[in-house]
Amino acid sequence: MSEKGIENVIIIGSGPAGYTAALYTSRADLNPLVMEGFLWGGLLQQTTEVENYPGFPDGIMGPELMPKFREQAERFGTRFITDEVTRVELAREPGGVHRVWVGDDEHRARSIILAMGSEPRKLGVPGEEELSARGISYCATCDAAFYRERRVIVAGGGDSAMEEAIFLSKFASTVKVVHRRGEFRASKIMIDRARETENIEFLTPYVIDRFEPGEHGALETAVLMHAETGEQRREEVDGTFVAIGHEPNSRIVLDQVLTDDGGYVLTEGKSTRTNVPGVFAAGDLVDHIYRQAVTAAGTGCQAALDAEWYLRDTPPSPEAHWTSPDEIERDAEDLAARVK
């Protein structure tokens, strides 16, 4: 901690981005404080085997990998608060002090790294929660290899759903795309590619009504309902991939940093800098394209370096001026003008 009880850096969020940022800032002797949340470790804590993270040729379980990230950061002096951030006030001037609350406890810092990640949108149907990671997945890139020569369903109708289906078709014996409408939201080129793929079928207009486990507790049946007639159809499947989008966990900063229409935090160029001086963003909170552990860890490293250089080059400011909605609107107009 720097003088007068003000932290050098507070990291909000955990997962590969947050813990990598903690590792780099702690090795830079910045003594970071991580607000990791109750569900620390990010989405990898909720997965099973991870086969595509470098350095683990035999794969590793997600709940085994994330403690390793955490322990490595802790080894170099990272401190943790395993609780949820309830409110932030971000300073507007370079060198200003940002304020972060956990319940009634206020913490102050010269720099902030936002690494709250994102959550896949859920269908919200019976059996989904219970069978998550037991046949229900939200990432084909992560889990497709577990479904070689098996029957899978993809739920969704946009480009993401078509991409997931096409990727899965290389592994699964059959891929059935379930969509609630006869028309898809996906682009024509993606629909055409999916239709040209031999083992992809389309089930429309259907919605998934519920999931049912088999005798060993894994997913065995997806019960579909015709969106117009209400008629039910049972599909015996080994896996279901839900591809209806993600929600970035940006709620606590939505009125203070610039975001896109989907709520993903915008950063400057190839850096992790947000529109607020001393505030950086990394991981799936920023990335709605790749969403991989290794890419999240990479941006966590970038955010740590950006924060280190900011603290090195920016003298503390005596002013106390925090973000207002009017200033966010002006920042958005400035950004739009630069893009044009």
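Scope of the values below: all heavy atoms of this structure, side chains included, with no hydrogens, waters or symmetry mates. Model, not experiment: these values are computed from the prediction.
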Pairwise distance CD(Glu212) to CG(Leu219) - rounded to 0.5 angstrom:
9.5 Å
Nearest 0.5 Å, what's the CZ-CZ distance between Phe146 and Phe171?
10.5 Å
Between Tyr19 and Glu36: side-chain donor-acceptor atoms closer than 3.5 Å:
yes
Could you give the distance from CG (Leu33) to OG (Ser26), rounded to the nearest 0.5 Å?
12.0 Å
How long is the span from the CD1 atom in Ile200 to the CD atom in Glu198, to the nearest 0.5 Å?
11.0 Å
Looking at Gln256, Arg99, Met35, which hits side-chain contact (heavy atoms from CB on, under 4.5 Å) with Val88?
Gln256
Over-ring placement of Arg180 relative to Tyr206, 6.0 Å and 45° cut-offs
no
Could you check Leu123, Ile153, Val237 and say which one makes a side-chain contact (heavy atoms from CB on, under 4.5 Å) with Phe211?
Leu123
Shortest non-hydrogen contact from Gly95 toward Thr314
N-CG2, 3.4 Å
Check the surroundings of atom CD in Gln232: do more than 12 heavy atoms from other residues, nucleotides or ligands lie under 6.0 Å from it?
yes
Spacing of Arg151 atom CZ and Thr174 atom OG1 [to the nearest 0.5 Å]:
7.0 Å
Does a donor on one side chain sit under 3.5 Å from an acceptor on the other, for Ser187 and Asp159?
yes
Can you name the closest pair of heavy atoms from Ile191 and Phe184 and give their distance?
CD1-CB, 3.7 Å
Leu90 CG to Thr274 OG1 distance, which is reported to the nearest 0.5 Å
7.5 Å
Given Glu119 and Tyr138, is the side-chain hydrogen bond (donor to acceptor under 3.5 Å, both in side chains) satisfied, shown in steps?
CA-CA 10 Å; Glu119 295 285 338; Tyr138 302 87; over 6 Å; no
In short, Tyr53 meets Ala297 closest at the heavy-atom pair OH-CB, 3.7 Å
Heavy-atom closest contact (Ala115 atom, Leu285 atom, distance):
N-CD2, 4.4 Å
Given Arg108, Arg79, His107, the one that forms side-chain hydrogen bond (donor to acceptor under 3.5 Å, both in side chains) with Glu7:
Arg79
Above 12 or not: heavy atoms from other molecules or residues under 6.0 Å from CZ of Arg75?
no
CG/Asp313: more than 12 non-hydrogen atoms of other groups inside 6.0 Å:
yes
Is the closest side-chain donor-acceptor distance between Thr272 and Gln302 under 3.5 Å?
no
